[in-house]
Amino acid sequence: MTLFEQIRRDQDRSPPTGLRYLSRWLRHRLPTGLYARSLLIIILPMLILQTVVAFVFMERHWQLVTERLSAAVTRDISAVIALIEAYPSPQDYGQLVQIAKERLNLTIAMEPGSELPPARPRPFFSILDQILSDQIQNQIRRPFWIDTVGDSSLVEIRIVLDQGILQIFARRNEAYASNTHIFLVWMVGTSLVLIIISILFLRGQIRPILALANAAESFGKGQRPPDDFSPRGADEVRRAGLAFILMRERIERQMEQRTAMLSGVSHDLRTILTRFKLQLALAGDDPELDNLNQDVDDMQTMLEGYLDFAKGEAEEDVGRIRLGDLFEKLETDFALHRKTLTYTIDGDEEIAVRPNAFARLVSNLASNARRYATTLNIEARHTAKWLVVIFDDNGPGIAPASREDVFKPFFRLDEARNLDASGTGLGLAIARDIARSHGGNVTLEDSPLGGLRAVIRIPV
């Protein structure tokens, strides 16, 4: 588990109170990526601003203008009704129709009867219907019927008079602020253009950060970073990318120097050991020299083990390996030693690792269990992000206080549980070194079989 995951787990375990509960709720529901969060930072304030502006505009400007226009049309209708009641003779009616049409832009007609049509259903957006009805009710105070439904440019109004039913056709744009939608169209259109520009700009700024993260993640897993990686983007991102490149070069240079130094030391020591072996061989088969021959062999084995530990096989390229083939070899090895090994694989058997290093990692843990246990069960779980391999044996186990110490080079327990076949005390140290070079780790726990559980966890 990484330090970041441990911090998040500790935060999630803390008791939720007030603001912390809200913060946790938002953290689990909001996107975690920098690109998505940057878009939210840009889009949310813009949406809130537009919502407030649209609400204020609708509530103040649009409704106020519509009220004034509807009030003016209602006053014209009220004036026409007053003229009809003042001059009820049929000779004057034609002149009133002409005045209403030419002066007030209203088309009127008088129909006999007093029955109004049934009320029409109001539209979903009924600001004109509501305001015009209120104005007629307040100013004229007579039974009326209006029709504002549809896309017609006219509004039909019918009012009950003593002479019959007055039918009026008024222009919709004279009773209703019909062109105010242009403001909303311009506001939304401009916002969309700004959002598109922001998205394009953010993509250009996020790509260098993602490239830097991928390069750092690849290097942390022991893989070769992309050859085309170069610092790009803003000055701060360029500085971070340049710092990563310099850090990577320093680490690689130190590894090369260490490998070169160890190669020289190995050559010199092997020359001396070869000279010892030659002198011992020329001395003949003397039983008194057997212990000396054994010491030379032990020195040779310890030298090879130390060099393997120091190198860490970091120079190996990433390849693919099948878990099933690797576990079958271990199963055969256990069978030759008359011991039992079982394994299960959950997920894809093929994994992308450094094959030789990973094989040695698994072999070290399996060999450690083989020497001190009779049964070993291996469970491998391969998901989209992690590979987890669990080793459970029925051996004597390791005390919890010593489980971190056994990963130290040359550390020995009384039971020598962490010794490899060479007896150098580097088996578990090499295993953890290989796991960490892949970006993961090896931990020890209690096994349900009564012995030791070793868990390999590496990202894939």
Side-chain angles (χ1 to χ4, degrees), residues 1-9 32 210 213-226 308-309 311-334 341-370 373 375-393 403-404 406-407 418 420 427-449 451-460:
M1 179 180 298
T2 62
L3 178 61
F4 177 72
E5 292 176 340
Q6 183 66 37
I7 293 174
R8 293 194 64 176
R9 174 187 286 186
T32 57
L210 294 178
N214 292 332
E217 184 178 5
S218 299
F219 186 68
K221 293 179 181 179
Q223 303 174 3
R224 294 183 181 275
D308 289 338
F309 168 74
K311 290 180 181 178
E313 301 187 54
E315 69 278 0
E316 183 184 3
D317 292 331
V318 175
R320 302 195 69 83
I321 186 174
R322 290 182 61 86
L323 292 174
D325 297 340
L326 180 59
F327 294 157
E328 286 179 3
K329 294 179 181 178
L330 297 176
E331 186 179 20
T332 303
D333 180 63
F334 266 65
L341 184 147
T342 59
Y343 66 88
T344 58
I345 301 175
D346 183 11
D348 190 4
E349 288 192 21
E350 283 198 0
I351 57 174
V353 291
R354 298 200 304 276
N356 293 331
F358 184 80
R360 184 170 188 184
L361 164 62
V362 174
S363 298
N364 279 9
L365 295 177
S367 299
N368 188 69
R370 187 196 64 206
T375 301
L376 174 64
N377 179 50
I378 302 177
E379 178 185 358
R381 294 195 295 268
H382 186 198
T383 63
K385 295 183 178 180
W386 293 94
L387 170 66
V388 180
V389 185
I390 302 174
F391 298 77
D392 286 316
D393 65 49
R403 287 175 184 170
E404 284 299 318
V406 295
F407 289 106
N418 66 321
D420 57 12
L428 292 179
I430 293 175
R432 172 168 280 187
D433 184 64
I434 294 174
R436 288 181 172 175
S437 70
H438 283 81
N441 199 6
V442 177
T443 57
L444 301 179
E445 305 172 4
D446 291 327
S447 171
L449 299 181
L452 183 68
R453 164 175 283 189
V455 181
I456 302 173
R457 179 180 171 88
I458 61 175
V460 294

Answer yes or no for Arg381 and Trp386: cation-pi contact, defined as NZ/CZ to six-membered ring centre under 6.0 Å and angle to ring axis within 45°. no
Return the CD1 to CD1 distance between Ile390 and Ile456, rounded to the nearest 0.5 Å. 10.0 Å
Check this for me, if you would: do Arg453 and Asp392 make a salt bridge, where the nitrogen-to-carboxylate-oxygen distance has to be below 4.0 angstrom? yes
Salt bridge (charged side-chain N to carboxylate O under 4.0 Å, His left out) involving Glu445 - partner list, sequence neighbours excluded: none
Thr375: partners by side-chain hydrogen bond (donor to acceptor under 3.5 Å, both in side chains), with sequence neighbours left out: none
Leu387 side, atom CG; His438 side, atom NE2 - distance, nearest 0.5 Å: 9.5 Å
Sequence neighbours left out, cut at 3.5 Å: what donor-acceptor pairs do the side chains of residues 322-334 make with other protein atoms?
from, atom 1, to, atom 2, distance (Å)
Arg322, NH2, Glu349, OE1, 3.0
Thr332, OG1, Glu328, O, 3.0
Asp333, OD2, Arg370, NH1, 2.4

Starting from the C-alpha separation in whole Å, work towards a yes-or-no answer on side chain to side chain donor-acceptor pair (under 3.5 Å) for Arg354 and Ser437. CA-CA 10 Å; Arg354 298 200 304 276; Ser437 70; 2.7 Å; yes
Roughly how far, to the nearest 0.5 Å, is the OG atom of Ser363 from the CD1 atom of Ile434? 9.0 Å
Keeping Asp393 on the side-chain end and Ala369 on the backbone end, is there a donor-acceptor pair under 3.5 Å? no
Could I get the full list of side-chain contact (heavy atoms from CB on, under 4.5 Å) partners for Leu210, not counting sequence neighbours? Ile206
Do Val455 and Val388 have side chains that approach each other closer than 4.5 Å (heavy atoms only, starting at C-beta)? yes
From CA spacing to verdict: side chain to side chain contact (heavy atoms under 4.5 Å, CB included), Ile378, Val389: CA-CA 7 Å; Ile378 302 177; Val389 185; 3.7 Å; yes
Heavy-atom side-chain proximity of Ile321 to Val353 below 4.5 angstrom: yes
What residues, two or more places apart in sequence or in another chain, satisfy side-chain contact (heavy atoms from CB on, under 4.5 Å) together with Thr344? Glu379
Run the side chain to side chain contact (heavy atoms under 4.5 Å, CB included) test on Phe391 and Asn377 for me, step by step, so that the C-alpha distance in whole Å, both residues' side-chain angles and the decisive distance to 0.1 Å come before the verdict. CA-CA 6 Å; Phe391 298 77; Asn377 179 50; over 6 Å; no
Please list, chain by chain and in numerical order, all residues satisfying salt bridge (charged side-chain N to carboxylate O under 4.0 Å, His left out) with Asp446, sequence neighbours excluded. Arg403
Is any side-chain heavy atom of Leu361 closer than 4.5 Å to one of Val442? yes
Quick check for you: to the nearest 0.5 Å, what is the distance between Leu449 atom CG and Leu376 atom CG? 8.5 Å
Using every non-hydrogen atom in the two residues, find where Gly319 and Pro355 come nearest and quote the distance to one decimal. N-CD, 3.7 Å
How far does CD of Glu404 sit from OG1 of Thr443, to the nearest 0.5 angstrom? 8.5 Å
Would you check if Arg320 and Ile351 make a side-chain contact, meaning some heavy-atom pair closer than 4.5 Å? no
